Amino acid sequence: MPPDRAQMPDEPPPFLGTWPRVYTVVLVYLAALIILFYIFTRMFS
Amino acid sequence: MRPLDWLVLGGTLAGIVAYGLYKGRGSDTVNKYLLAGKTMPWYAMALSIMATQASAITFISTTGQAYVDGMRFVQFYFGMPIAMVILSATAVPLFHRANVYTAYEYLEKRFDAKTRALASAVFLIQRGLAVGLSLYAPAIVLAVIFGWPDRITTLAMGVLITIYTVAGGIKAVTWTDVQQMIIILFGLVVAFFLIIHMLPRGVSFMDAVYLAGDVGKLNAVDLKFDLANRYNLWSGLIGGAFLALSYFGCDQSQVQRYLTGKSIAQSKLSLLFTAMAKIPMQFFILFVGAMVFVFFLCERPPLLFQSVAMHDLESSALKAQYAPVGARFEQAFERRKDAALGLADARRNHDSGRRAGYLEQFRDAQREIDGARTQGAGLYQRARGEKGFNDTNYIFLSFVTRYLPAGVVGLLIAVIFAAAMSSSSGEVNSLATVTVIDIYKRHLRPNAPDRHYLWVSRVATAFWASYAVFFAHYAKKLGSLIEAVNLLGSLFYGSLLGVFMLAFWFRRVTGTGAFIGMIAGEAAIFWAFWFTGISFLWYNVIGCVVVVATGVLVSYFVPARAKAA
């Protein structure tokens, strides 16, 4: 079996300090991509 | 294929195997063989996740799909970042802390043995049927284009993945995935720049983009909600999120990638990086397809991109019937070419009146071309007694082999091999892991020494690789069943996701509740499949909701029986 990792700590991310901030950045990035693609669709159609 | 192409292809494949053997050294315990000793950095896991997901047929057909249908397929991936955030916050820490080799092992810790057994069986059936197709589908495309016997191609790919997967386990699989992903991206970038370079004289890159947009090929976002429409913003965000949750959270071929992380943070980063990189990558692949469409506005494409079908149409038996169809196609192509060049010129001169006129002419000619293609396909199907002809998968490779220079053709065929091998090796490795950990060790031989399980893991890996080749050899005889097999994945993911949601978020749900919920979820999905016209992306939502609702209700009403079970 793998070594005991039951107490494995959830260390902070290497940037932005906390995981909720990283998740927010990912979701904002998704929203930005969708807006960008929408503008792309409208601009060239 | 010219000698330089063979050299590039052979060199790339030899490089993949050698690199896999080199990186897989030292896999001498079960933990190292199946989980890489939990030493993997985030970037290796991320590229491995992307490579395992991107099969050869995904790569071949995505470009063709943009040619035929535009870029709306990109919306399919909009739900992925949402799913990756949810998995990073929930599944990744839970799986890591539970000390598990497989996602299904976690279900026994949370519920009971029967729920684990049912989930493992679902995975083995679904993934076991898909693994052969990962080899067969590109082999059949290469068979049509180059005339290579598909059995030899599948056997070659099978032997290559067997060598490094059996020897080096998941470490070899992950590092070769990284290498294969780099080859895939490099090949696509080279193809893109060559397409732009080969655009007709007088058509600039921006002209090409505006042309593609004018004729509806850059339709990346569709805001209209429609349950029967496979790709729109809402099906992508909701259906896509559920599909990605199922695939990345419950499918061992993906879960095993991030279980190899050296820490929870590294595993989370790998999923989040995948979420951020995947959408632009798919957008780029679709954009390449849209540019191939623009290329063929001035260079006459074949009526049908499948060369065997074209050969049949031009043969003596069908020649008389094909002649008027070919003439109709030829005339429509010339009219479309004139309209496209006029459209580009009118845009450059800001002449909106001429632009509208040319656009109308273009659409009219395009309808004629589509009509001629449908007629041609109908002729071929009637002559062959076949149904459901579709040449989308042949569009990009037809372009590659006709127009790209020596060496680049070899590189892009290597990309197809790399994509097929990365998907298959990941699937074989995960199937072997579930077979050994969830079946053999759990039910047949629970207390053997580590070296015994290592040996059984190697045998199971060799078995699943051989099975994949064997299945691929006989896939042709399955005929239209192949489509059903492809659909099979989406028929099972929803209930798997539901049972994991119960495990993660509903503490009071019992093993029996989860088990009955899973069966009810499957029943609901099959009902939707057989009796409704709902698009398959929604099956995951339906299955998951039914599993969760049934699991909660059963656990509430029969808690005592559940505990006794």
Side-chain angles (χ1 to χ4, degrees), chain A, chain B residues 30-31 34-35 37-38 42 70-72 74-75 77-82 84-86 88-89 92-93 95-101 206 209-223 233 236-237 259 263-266 268-269 271-273 275-276 279-280 283 287 290 437 450:
Chain A
M1 291 301 291
D4 185 19
R5 300 166 79 91
Q7 301 304 317
M8 198 178 189
D10 191 356
E11 65 213 60
F15 42 80
L16 297 173
T18 65
W19 284 108
R21 281 188 206 153
V22 177
Y23 300 151
T24 307
V25 167
V26 173
L27 296 177
V28 169
Y29 169 80
L30 170 66
L33 271 186
I34 292 173
I35 292 169
L36 213 66
F37 289 172
Y38 182 68
I39 294 170
F40 174 83
T41 303
R42 301 286 301 175
M43 194 170 158
F44 292 107
S45 65
Chain B
V30 174
N31 185 251
L34 299 180
L35 292 182
K38 294 218 177 232
W42 66 268
M71 295 179 66
R72 66 192 188 113
V74 74
Q75 297 168 110
Y77 295 91
F78 283 172
M80 190 189 278
I82 300 169
M84 294 309 207
V85 165
I86 294 171
S88 295
V92 172
F95 283 150
H96 265 284
R97 291 192 179 120
N99 289 335
V100 292
Y101 282 98
M206 283 315 291
V209 177
Y210 274 105
L211 265 176
D214 278 342
V215 299
K217 298 297 174 190
L218 304 184
N219 52 346
V221 177
D222 177 3
L223 299 180
L233 177 67
L237 279 175
L259 281 179
S263 68
I264 293 174
Q266 293 286 311
K268 284 182 176 184
L269 284 176
L271 286 183
L272 297 174
F273 176 81
M276 295 180 85
I279 298 175
F283 182 87
F287 192 67
I437 301 295
D450 189 77

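Quick note on labels: first sequence line is chain A, next is B, and so on, each numbered from 1. All of these numbers come straight from a predicted model, not from anything done at the bench.
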Where do [X] and [Y] come nearest, in terms of heavy atoms and distance?
X        : Y        : value
B/Pro280 : A/Tyr29  : CG-OH, 3.2 Å
B/Pro81  : A/Val26  : CB-CG1, 4.0 Å
A/Tyr38  : B/Val221 : N-CG2, 3.7 Å
B/Tyr210 : A/Met43  : CE2-O, 4.2 Å

Pick one of side chain, backbone, both or neither for [X], based on which atoms fall under 4.5 Å of a heavy atom in chain A.
X        : result
B/Ala89  : both
B/Met80  : neither
B/Leu237 : side chain
B/Val30  : neither

Checking heavy atoms, do the side chain of A/Pro14, its backbone, both or neither come under 4.5 Å from chain B?
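Interface part for A/Pro14: side chain.
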Among B/Val74, B/Leu233, B/Leu223, which residue satisfies the side chain to side chain contact (heavy atoms under 4.5 Å, CB included) criterion with A/Ile34?
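Between A/Ile34 and the candidates, side chain to side chain contact (heavy atoms under 4.5 Å, CB included) is satisfied uniquely by B/Leu233.
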Could you measure the distance from the [atom1] atom of [X] to the [atom2] atom of [Y]? Nearest 0.5 Å is fine.
X        : Y        : atom1 : atom2 : answer
B/Met84  : A/Leu30  : CE    : CG    : 12.5 Å
B/Met276 : A/Leu33  : CE    : CG    : 8.0 Å
A/Glu11  : B/Lys268 : CD    : NZ    : 9.5 Å

Less than 4.5 Å apart, side chain to side chain, heavy atoms only: is that true for B/Leu272 and A/Val25?
no
For chain A, the option from B/Gly70, B/Gly236, B/Ala275, B/Ser88 that forms the most heavy-atom pairs under 4.5 Å
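Top count of heavy-atom pairs under 4.5 Å with chain A: B/Ser88.
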Taking every heavy-atom pair that is under 4.5 Å apart, which of B/Asn219, B/Leu269, B/Ile437 has the most such pairs with chain A?
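Winner by heavy-atom pair count: B/Leu269.
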Determine the interplanar angle of the A/Phe37 and B/Phe283 rings, folded into 0 to 90°, and report it as parallel if under 30°, tilted if 30 to 60°, perpendicular if over 60°.
parallel
